[in-house]
S.K.: 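Mind looking over this structure? Questions follow.
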Amino acid sequence: IAVIALCVFSFGLYVIFRLWQLTNILNSKTENHISKVFTTITISIHSVSLLGLIYYFLFPAPATLLLTAKLLHLLSTIFHIVWIIKVRNRLNRINNVSKGDALWLGPFLSSFFHVIYFQHKINQSISSKAAGKLAT
């Protein structure tokens with residue numbers, strides 16, 4: 001519930017922060033890194049879009065600012081989808097899972113609940129590894 005609240009009340013900034021955190025962790029554990037340039041561009045587009053929307057609604061501004069902010073938000077959404085897919089694929093690879101496995105990150109839930117779903121599966125992975133250690 002707290003993660004959902006953070007995602008909503010931070011206007012998506014928590015989602016970006018968590019994706020950035022996961023990206024840094026994944027980059028340290030895999031050879032196939034997610035580019036810092038890609039993450040920086042994605043964060044920048046989102047930030048400019050958000051600032052444009054905030055400015056438009058708080059101060060007198062032309063309608064073109066709203067249109068520009070919406071177009072940037074659309075572009076930001078495309079970048080986020082790509083980023084989510086990159087993180088999802090690397091998490092699946094690190095866990096050495098395939099479709100149908102309990103720890104498999106499916107595309108549907110990853111698309112809609114991304115950081116919440118990712119954290120849930122990470123927690124499952126940690127629990128299963130801890131249970132495996134206790135059994136041996």
Side-chain angles (χ1 to χ4, degrees):
I1 299 294
V3 173
I4 294 170
L6 281 169
C7 292
V8 171
F9 293 117
S10 70
F11 300 102
L13 294 176
Y14 179 75
V15 172
I16 291 173
F17 172 73
R18 188 65 182 131
L19 279 172
W20 178 78
Q21 275 185 324
L22 286 171
T23 298
N24 287 335
I25 293 166
L26 292 170
N27 282 348
S28 72
K29 296 186 180 288
T30 64
E31 292 179 13
N32 188 10
H33 294 167
I34 298 172
S35 165
K36 294 278 187 195
V37 172
F38 173 79
T39 58
T40 302
I41 290 170
T42 305
I43 292 168
S44 298
I45 293 170
H46 181 84
S47 299
V48 170
S49 168
L50 181 60
L51 290 172
L53 286 172
I54 290 169
Y55 188 88
Y56 179 81
F57 287 110
L58 292 180
F59 304 104
T64 54
L65 177 61
L66 179 61
L67 178 62
T68 303
K70 286 183 176 183
L71 289 173
L72 284 173
H73 183 72
L74 178 62
L75 183 60
S76 171
T77 300
I78 293 167
F79 273 81
H80 278 103
I81 290 168
V82 171
W83 195 359
I84 289 165
I85 291 168
K86 287 175 177 272
V87 169
R88 174 187 161 265
N89 290 344
R90 282 158 182 83
L91 283 169
N92 281 335
R93 202 170 305 129
I94 285 173
N95 282 325
N96 197 28
V97 294
S98 57
K99 189 174 182 179
D101 292 341
L103 295 177
W104 173 256
L105 286 156
F108 183 76
L109 291 175
S110 294
S111 298
F112 290 102
F113 301 108
H114 34 84
V115 296
I116 298 164
Y117 181 55
F118 292 164
Q119 191 60 55
H120 170 68
K121 289 296 184 176
I122 289 167
N123 293 346
Q124 279 184 333
S125 176
I126 292 167
S127 294
S128 69
K129 287 176 185 173
K133 286 181 181 178
L134 290 175
T136 57

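Hydrogens, waters and symmetry mates are skipped; everything else that's a heavy atom, side chains included, is used.
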S.K.: Does Leu19 share a hydrophobic cluster with Ile81, counting links as ILVMFWY side-chain heavy atoms below 4.5 Å and allowing steps through other members?
M.R.: no
S.K.: To the nearest 0.5 Å, how far apart are CD1 in Ile16 and NE2 in His46?
M.R.: 3.5 Å
S.K.: Flag yes if Leu13 and Leu51 sit in one hydrophobic cluster, no otherwise; membership is Ile, Leu, Val, Met, Phe, Trp, Tyr, and two members link when side-chain heavy atoms are under 4.5 Å apart.
M.R.: no
S.K.: Which distance, rounded to the nearest 0.5 Å, do you find between the CZ of Arg90 and the CG of Asn95?
M.R.: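 Between atom CZ of Arg90 and atom CG of Asn95 there are 14.5 Å.
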S.K.: Is the backbone of Gly106 close enough, under 3.5 Å, to the side chain of Tyr117 for a donor and an acceptor to pair up by distance?
M.R.: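 Checked: pair present.
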S.K.: Counting only heavy atoms not in Asn96, do more than 12 fall under 6.0 Å of its CG?
M.R.: no
S.K.: Looking at Ile84 and Ser110, what are the two nearest heavy atoms and their distance?
M.R.: CG2-O, 3.6 Å
S.K.: Could you work out, with side chain to side chain donor-acceptor pair (under 3.5 Å) as the rule, every residue matching Lys86, not counting sequence neighbours?
M.R.: none
S.K.: Of all the heavy-atom pairs spanning Ser125 and Leu103, show the shortest one and how long it is.
M.R.: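 So the minimum-distance heavy-atom pair works out to N-CD2, 3.6 Å.
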S.K.: Give the minimum heavy-atom separation between Asn24 and Lys36, together with the two atoms involved.
M.R.: OD1-NZ, 2.6 Å
S.K.: Over all heavy atoms of both residues, which pair between Ile94 and Lys29 is shortest? Give the atoms and the distance, please.
M.R.: CD1-CB, 3.9 Å
S.K.: Taking atom CH2 of Trp104 and atom CD of Gln124, what is their separation to the nearest 0.5 Å?
M.R.: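 Trp104 CH2 to Gln124 CD: 14.5 Å, rounded to 0.5 Å.
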S.K.: In terms of hydrophobic clustering (I, L, V, M, F, W, Y; side-chain heavy atoms under 4.5 Å; direct or indirect links), are Ile25 and Tyr14 co-clustered?
M.R.: no
S.K.: Please tell me whether Val115 and Val82 are part of a single hydrophobic cluster in this structure, the criterion being side-chain heavy atoms less than 4.5 Å apart.
M.R.: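 Linked within one cluster.
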S.K.: Nearest 0.5 angstrom please: Trp83 CH2 to Ile34 CD1, how far?
M.R.: 8.0 Å
S.K.: Can you tell me how far the CZ atom of Phe17 sits from the CG atom of Leu22, to the nearest 0.5 Å?
M.R.: 10.0 Å
S.K.: Mind checking whether Val87 and Phe38 sit in one hydrophobic cluster, side chains of I, L, V, M, F, W, Y counted as touching below 4.5 Å?
M.R.: yes
S.K.: When rounded to the nearest 0.5 angstrom, what is the spacing between CZ in Arg93 and CD in Glu31?
M.R.: 11.0 Å
S.K.: Name every donor-acceptor pair, under 3.5 Å, that has one atom in a side chain of residues 59-80 and the other anywhere in the protein, sequence neighbours excluded.
M.R.:
from: Thr68; atom 1: OG1; to: Thr64; atom 2: O; distance (Å): 2.7
from: Ser76; atom 1: OG; to: His80; atom 2: ND1; distance (Å): 3.2
from: Thr77; atom 1: OG1; to: His73; atom 2: O; distance (Å): 2.9
from: His80; atom 1: ND1; to: Ser76; atom 2: O; distance (Å): 2.8

S.K.: Please report the shortest heavy-atom distance between Ser98 and Asp101, naming the atom on each side.
M.R.: N-OD2, 2.8 Å
